[in-house]
Amino acid sequence: MLLVGLYLMPFAGIAFIWFIAALRIWVEGTARRVNVLLSNIQFVAGILYIALLFAGAASTSVLAASVEFSNGDIDPTVARQFPLFGNTLLLVFALRMAAMFVLTTSTISRTSRVVPAWFARSGYVVAAFLLLSASLKAWLALIFPVWLLALSAILLQRARRIPSGIMVPARIAPSPLIPPSIRN
């Protein structure tokens with residue numbers, strides 16, 4: 001069962017990367033001004049979260065993979081250490097990156113009004129909790145996905161209210177080869 005979860009994990013990571021990209025596009029299309037620094041921190045925090053989640057899942061499942069795919073003996077010390085290492089990666093490092101993602105997403109969505117103000121403020125509470133939690137309890141890993149589900153539900157609800165014929169104008173980035181006097 002653990003190996004099935006390990007094989008499904010990359011699909012969850014791919015879906016999260018698509019979510020980050022779609023969220024960035026939505027904010028760029030609706031916000032008057034986009035804070036590039038926060039947007040980049042959000043993107044990097046999301047990517048690091050996925051990388052740490054993958055590393056934690058891989059190290060947690062090393063024992064199951066070695067039992068399934070090899071005929072060698074299993075060292076009891078290694079059998080205890082790899083799951084502990086994976087849990088530490090997930091519950092210490094990945095949750096801090098999740099906190100940074102929630103913090104930056106809450107700030108971006110508050111300033112761009114993509115989500116209701118109450119949800120953006122609750123994101124600060126979630127981010128502080130994830131950032132400052134000092135426990136290695138497994139249920140902490142569920143806080144970030146639950147927050148993401150709530151964010152997704154709010155975004156879907158708002159997307160359904162957008163008229164179907166509306167088009168977002170394309171933004172053309174100024175070319176560095178064209179002098180500013182000609183651009184204006």
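Just so you know, these numbers use all the heavy atoms, side chains as well, and skip hydrogens, waters and symmetry mates.
In the hydrophobic clustering of ILVMFWY residues, with side-chain heavy atoms under 4.5 Å counting as a link, Val146 and Ile50 come out apart. Hydrophobic clustering (side-chain heavy atoms under 4.5 Å, transitive across Ile, Leu, Val, Met, Phe, Trp, Tyr) keeps Leu84 apart from Val92. Cluster annotation: Ile25 is not connected to Leu23 through the hydrophobic network of ILVMFWY side chains, with a link wherever side-chain heavy atoms come within less than 4.5 Å. Transitive grouping of hydrophobic side chains (ILVMFWY, heavy atoms separated by less than 4.5 Å) brings Trp118 and Val126 into a common cluster. Transitive grouping of hydrophobic side chains (ILVMFWY, heavy atoms separated by less than 4.5 Å) brings Met97 and Phe129 into a common cluster.
More than 12 heavy-atom neighbours from other residues, nucleotides or ligands sit within 6.0 angstrom of CZ on Phe119. For Phe85, the CZ atom is loosely surrounded, since the number of other residues' heavy atoms within 6.0 Å does not exceed 12.
Here the shortest heavy-atom pairing between Phe19 and Leu151 reads CZ-CD2, 3.6 Å. Residues Ser109 and Ser106 come closest through the heavy atom pair OG-O, 3.2 Å. When all heavy atoms are compared, the tightest approach of Pro116 to Ile154 is CD-CG2, 3.5 Å. When all heavy atoms of Leu89 and Ser59 are compared, the closest pair comes out as CD1-OG, 4.3 Å. Contact detail for Gly46 and Phe16: the closest heavy-atom pair is O-CE2, 3.6 Å. In this structure, Ala94 and Leu90 approach most closely via the heavy-atom pair CB-O, 3.3 Å.
Here CG of Leu52 is found 12.0 Å from OG1 of Thr88. Values are rounded to the nearest 0.5 Å. Atom CZ of Phe43 and atom OG1 of Thr104 lie 12.0 Å apart (nearest 0.5 Å). Atoms CD1 and CZ, from Ile108 and Arg113 in turn, are 15.5 Å apart once rounded to the nearest 0.5 Å. Taking OG1 of Thr105 as the reference point, atom CD1 of Ile41 lies at 11.5 Å (rounded to 0.5 Å).
Side-chain contact between Val114 and Arg158 is absent, with no heavy-atom pair separated by less than 4.5 Å. Using a 4.5 Å cut-off on side-chain heavy atoms (C-beta onward), Thr111 and Asn35 make no contact. Looking at Leu130 and Arg96, their side chains never come closer than 4.5 Å, going by heavy atoms from C-beta outward. Counting heavy atoms from C-beta on, the side chains of Arg24 and Asn40 come closer than 4.5 Å. A 4.5 Å side-chain heavy-atom check between Leu53 and Phe144 finds every atom pair outside the cut-off. Put simply, the side chain of Val102 does not reach to within 4.5 Å of the side chain of Leu131, judged on heavy atoms. Side-chain contact between Ile20 and Tyr49: absent, with no pair of heavy atoms (C-beta onward) separated by less than 4.5 Å. Phe101 has its side chain out of reach of Leu48: every pair of non-hydrogen atoms, C-beta onward, lies at least 4.5 Å apart.
The side-chain hydrogen bond (donor to acceptor under 3.5 Å, both in side chains) pairs that include a residue from residues 122-133 are Thr107-Tyr124, Arg110-Tyr124, where partners are two or more places apart or lie in different chains.
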